[in-house]
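Read through the structure below, which is laid out as structure tokens, and then see the notes.
In each ligand, atom 1 is the first atom listed, and ligand 1 is the first ligand listed. Counting from 1, the numbers follow the sequence of the chain as shown.
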Amino acid sequence: MTVEETVDLLIIGSGAGSMAAALRAVNGGFSVMILEKQDLFGGSTAVSGGVLWVPCTSIARRAGAEDSPADALAYFDACLGPETRATSRARRDAFLQEGPHCLDFLETLGMRWAYGDGYSDYHEAEYPGGSVRGRAIVAPMFDLRELGSWTERISFNLALPPVMFQETVPLRSRGRTWASKLAFLRVAWRMLRNRLGARLVGMGPALYGRLFQQAVKRGVNFRSGVRVRSLLTNGGRVTGAEVEWQGRMLRINARRGVLLNSGGFALNAPMRDAWQPQPTSVDWTLANPGDTGEMIEMVRGLGGALDLMDAAWWLPGTILPSGTRLYLVPELQQPHGFVVDSSGQRFMNEATSYVAIGRAIYERQKTVPAVPSWLIMDRQYMEKYWIVGRSMKSVPRIWLDIGIIVEAPSLAELAAKCGLPADTLEASTTRFNGFARSGVDEDFGRGRSAYHRLFGDPLHKPTPGLGAVEKPPFYAMPFNPADVGTAGGLLTDEHARVLRDDGSPIEGLYATGNCTATVMGHSYPGAGASIAPSLVFGYIAAGHAIGGDR
Ligand SMILES: Cc1cc2nc3c(=O)[nH]c(=O)nc-3n(C[C@H](O)[C@H](O)[C@H](O)COP(=O)(O)OP(=O)(O)OC[C@H]3O[C@@H](n4cnc5c(N)ncnc54)[C@H](O)[C@@H]3O)c2cc1C
């Protein structure tokens with residue numbers, strides 16, 4: 001027997017955008033139900049760094065950071081390049097204009113925000129309007145005790161220390177600067193409080209935890225372990241969904257609309273093979289296990305258009321035989337290291353955005369194999385800096401044994417061990433070392449933007465991000481274009497309505513987050529460029545569904 005229920009807004013998937021949409025709708029007096037297929041809510045958002053890239057916010061303004069709509073637009077346009085269907089003028093404007101409103105609105109409901117001061121735009125010096133202080137917004141510390149028993153219903157990564165995203169920068173200097181010492185003290189204080197009974201969390205858990213708390217408080221109906229069988233339609237309009245939940249079939253009618261916030265397809269091997277640049281692997285992703293793309297395919301069956309299916313939120317990474325995934329972001333910015341392809345040649349700016357690095361690797365792969373690419377380092381790198389949060393003064397024996405890191409007394413021997421041409425590797429090293437001494441990377445401009453120097457060594461001269469690779473032994477670390485999710489999917493308009501190939505909207509159907517073709521296109525303007533559009537277009541979708549406006 002099928003049970004019939006009716007709500008105003010039905011949301012499928014419980015990512016970032018669901019929270020903004022649900023809160024906007026319930027605040028307007030509308031009923032909302034969120035359906036999550038996994039047992040736990042939160043998707044990738046709850047395990048993420050929790051950063052949002054939103055220009056011109058009152059949060060940044062309160063912190064004294066200058067920004068202007070004109071600068072934001074110039075920078076955004078320069079990052080995105082020519083308009084496409086997913087990155088149309090209307091969608092760009094919608095994101096930039098509604099982003100600050102969305103954050104203010106959530107704040108009035110009890111959400112708290114902090115400015116990620118110093119987390120520079122990723123292409124700040126390359127494009128007009130870039131911000132050195134950055135446009136990153138984060139959630140301050142959140143005490144999970146405020147969520148009560150709901151804490152157990154969310155897929156938090158509780159192994160993370162109580163750190164705020166922007167603190168990861170000074171922490172990496174390991175107490176060598178005053179900023180670093182202060183950051184250590186703050187984190188130690190929080191850890192002490194946690195030992196005394198608090199449950200302080202930062203980053204994604206703080207963002208998702210407090211948003212979820214607001215939604216629960218306002219009566220959003222959350223259901224997990226739900227299987228969506230089909231979307232209900234009436235005369236071309238989507239009117240609800242038929243789902244299986246706790247052994248029963250439910251027919252859920254949605255008076256105002258259905259919003260999909262069901263993530264991408266990072267865990268769907270056939271979809272990855274069909275759409276993503278190759279080679280690729282489901283083993284390379286850090287996306288949540290629910291990222292399997294079936295809602296994208298279901299809506300494709302209803303005539304929904306797809307775009308940007310070759311895009312992903314790339315992050316350089318490697319994988320241990322245990323299955324543990326290691327991600328390399330600061331590692332590529334630190335001095336005394338650079339990256340080469342299989343021919344031993346440098347081919348990119350190692351310190352640019354991780355998404356741009358993924359694209360650079362796949363571009364290179366078209367002519368020279370670059371999967372894996374190799375991070376080449378020397379003794380100075382190992383003595384001074386961390387790799388994936390651990391000191392490398394003594395490289396773990398097991399890493400050397402299984403080739404996570406390769407060690408050799410000379411560059412020629414390192415090249416032989418890695419299967420790279422020794423003469424080219426030596427020539428690349430000599431050229432890179434010249435740039436390290438002058439402080440100017442003439443080939444790829446590494447160090448030009450403030451972001452390129454963010455994870456450099458503030459004490460290193462002449463520039464924090466470039467240091468010669470010259471002191472034996474030498475090391476090489478292979479890595480792949482791994483990812484934290486895919487970035488293409490359903491084509492949506494400036495109201496977050498799902499569009500058909502002919503550009504007409506499927507009435508009643510909205511989508512946001514990684515199940516859509518992102519408004520960011522193939523670019524990544526700054527930290528938080530994935531969660532922000534999910535949240536903002538969720539907010540926009542709800543506004544349109546309940547009131548017909550943006
Ligand atoms: C470790 C890590 C750190 C990151 N840090 C950042 C960061 O700081 N800033 C940033 O912008 N991005 C970051 N990202 C990427 C970002 O977290 C994701 O791209 C973003 O959270 C995706 O959000 P979403 O709204 O699309 O949905 P998700 O958070 O992915 O949630 C989608 C949900 O939908 C559910 N679902 C799927 N199919 C169905 C279905 N058929 N029925 C019901 N439910 C379904 C899934 O189970 C999942 O729970 C990070 C990612 C990771 C893994």
Side-chain angles (χ1 to χ4, degrees), residues 10-21 33-54 116 119 136-139 154-155 157 159-160 164-166 168 202-208 211 222-231 241 243-245 258-268 285-299 311-315 317 325 327 329 353-355 482-487 489-490 511-516 518 520 524-538:
L10 178 64
I11 303 180
I12 296 174
S14 64
S18 310
M19 298 298 122
M33 185 186 287
I34 294 183
L35 306 179
E36 167 58 52
K37 73 174 174 190
Q38 298 186 75
D39 290 338
L40 302 180
F41 298 99
S44 295
T45 310
V47 297
S48 73
V51 187
L52 309 167
W53 187 81
V54 184
Y119 221 93
I137 305 297
V138 299
I154 300 175
S155 59
N157 177 0
L160 290 173
M164 283 176 61
F165 191 76
Q166 66 275 32
T168 56
M203 303 208 249
L207 171 77
Y208 196 80
L211 284 171
F222 283 94
R223 289 181 180 171
S224 61
V226 178
R227 181 146 177 210
V228 177
R229 292 287 195 176
S230 64
L231 290 173
V243 310
E244 203 181 319
W245 183 54
V258 174
L259 169 67
L260 304 181
N261 183 218
S262 48
F265 57 93
L267 271 298
N268 183 321
T285 190
L286 255 196
N288 78 90
D291 217 57
T292 46
E294 68 275 7
M295 291 312 299
I296 298 175
E297 291 187 314
M298 193 183 285
V299 175
W313 310 117
W314 285 297
L315 199 59
R325 294 159 176 85
Y327 290 85
V329 174
S353 98
Y354 24 88
V355 171
D483 64 77
V484 291
T486 50
L490 300 168
T512 191
N514 288 354
C515 63
T516 66
T518 178
M520 299 293 161
Y524 206 77
S530 161
I531 298 178
S534 176
L535 202 78
V536 174
F537 281 104

Subset of ligand 1 atoms that lie under 4.0 Å from at least one heavy atom of [X]:
X: Thr45; value: 21 (O), 23 (O), 28 (P), 29 (O)
X: Gly528; value: 9 (N), 10 (C), 11 (O)
X: Ala529; value: 11 (O)
X: Ile12; value: 42 (N), 43 (C)
X: Ala16; value: 25 (O)
X: Gly513; value: 26 (O)
X: Trp313; value: 19 (O)
X: Leu35; value: 43 (C), 44 (N)

Under 4.0 Å from ligand 1, counting heavy atoms only, is it the side chain of [X], its backbone, both or neither?
X: Trp53; answer: neither
X: Tyr524; answer: side chain
X: Met203; answer: neither
X: Pro289; answer: neither
X: Ser534; answer: side chain

Just do the side-chain contact (heavy atoms from CB on, under 4.5 Å) check on Gln38 and Asn288 with the steps written out, would you?
-> CA-CA 10 Å; Gln38 298 186 75; Asn288 78 90; 2.8 Å; yes
Identify the protein heavy atom lying closest to [atom], giving its residue, its atom name and the separation to 0.1 Å.
atom: atom 28 (P) of ligand 1; value: Ser44 N, 3.5 Å
atom: atom 45 (C) of ligand 1; value: Lys37 CG, 3.7 Å
atom: atom 16 (C) of ligand 1; value: Ser530 OG, 3.6 Å
atom: atom 37 (C) of ligand 1; value: Ser262 O, 2.9 Å
atom: atom 31 (O) of ligand 1; value: Gly15 CA, 3.4 Å
atom: atom 9 (N) of ligand 1; value: Val51 O, 3.1 Å
atom: atom 22 (C) of ligand 1; value: Asn514 ND2, 3.4 Å
atom: atom 32 (C) of ligand 1; value: Asn261 O, 3.4 Å

Looking at ligand 1, does [X] have a heavy atom less than 4.0 Å from it?
X: Phe537; result: no
X: Ser18; result: no
X: Ser14; result: yes

Given [options], identify the one with the heavy atom nearest to [atom].
atom: atom 17 (O) of ligand 1; options: Cys515, Ser48, Ala241; value: Ser48
atom: atom 53 (C) of ligand 1; options: Thr486, Asn157, Leu286; value: Leu286
atom: atom 41 (N) of ligand 1; options: Met520, Arg223, Glu294, Gln38; value: Glu294
atom: atom 51 (C) of ligand 1; options: Leu260, Val484, Val47; value: Val484

With rounding to the nearest 0.5 angstrom, report the [atom1] to [atom2] distance, [X] to [Y].
X: Thr512; Y: Asn261; atom1: OG1; atom2: CG; answer: 6.0 Å
X: Lys37; Y: Glu244; atom1: NZ; atom2: CD; answer: 14.0 Å
X: Asn157; Y: Leu286; atom1: CG; atom2: CG; answer: 9.5 Å
X: Met164; Y: Met203; atom1: CE; atom2: CE; answer: 10.0 Å
X: Phe537; Y: Leu259; atom1: CZ; atom2: CG; answer: 12.5 Å
X: Ser48; Y: Ile531; atom1: OG; atom2: CD1; answer: 3.0 Å

Looking only at distances, please establish whether an N/O atom of ligand 1 is found under 3.5 Å from an N/O atom of [X].
X: Thr512; result: no
X: Gly49; result: yes
X: Gly43; result: yes
X: Gly50; result: yes
X: Met295; result: no
X: Ile531; result: yes
X: Glu36; result: yes

Between Val138 and Tyr119, is a side-chain contact (heavy atoms from CB on, under 4.5 Å) present by the stated rule, with each step listed?
-> CA-CA 11 Å; Val138 299; Tyr119 221 93; over 6 Å; no
Taking [X] for its side chain and [Y] for its backbone only, find out whether a donor-acceptor pair lies under 3.5 Å.
X: Tyr524; Y: Ala529; value: yes
X: Asn268; Y: Thr292; value: yes
X: Arg325; Y: Thr285; value: yes
X: Thr486; Y: Phe265; value: yes

Tell me, do [X] and [Y] make a side-chain contact under 4.5 Å, heavy atoms counted?
X: Met19; Y: Phe41; result: no
X: Ser14; Y: Tyr208; result: yes
X: Trp245; Y: Leu35; result: no
X: Asn514; Y: Trp313; result: yes

Give a yes-or-no answer on whether the side chains of Asp39 and Ser224 include a donor-acceptor pair shorter than 3.5 Å.
-> no
Derivation and outcome, side-chain contact (heavy atoms from CB on, under 4.5 Å), residues Leu211 and Thr45 | CA-CA 11 Å; Leu211 284 171; Thr45 310; over 6 Å; no
Compare every heavy atom of Ser230 with every heavy atom of Met298, then report the nearest pair and how far apart it is.
-> SD-CA, 4.0 Å
Going through the distances and angles, do Leu231 and Ile12 end up as a side-chain contact (heavy atoms from CB on, under 4.5 Å)?
-> CA-CA 10 Å; Leu231 290 173; Ile12 296 174; 3.9 Å; yes
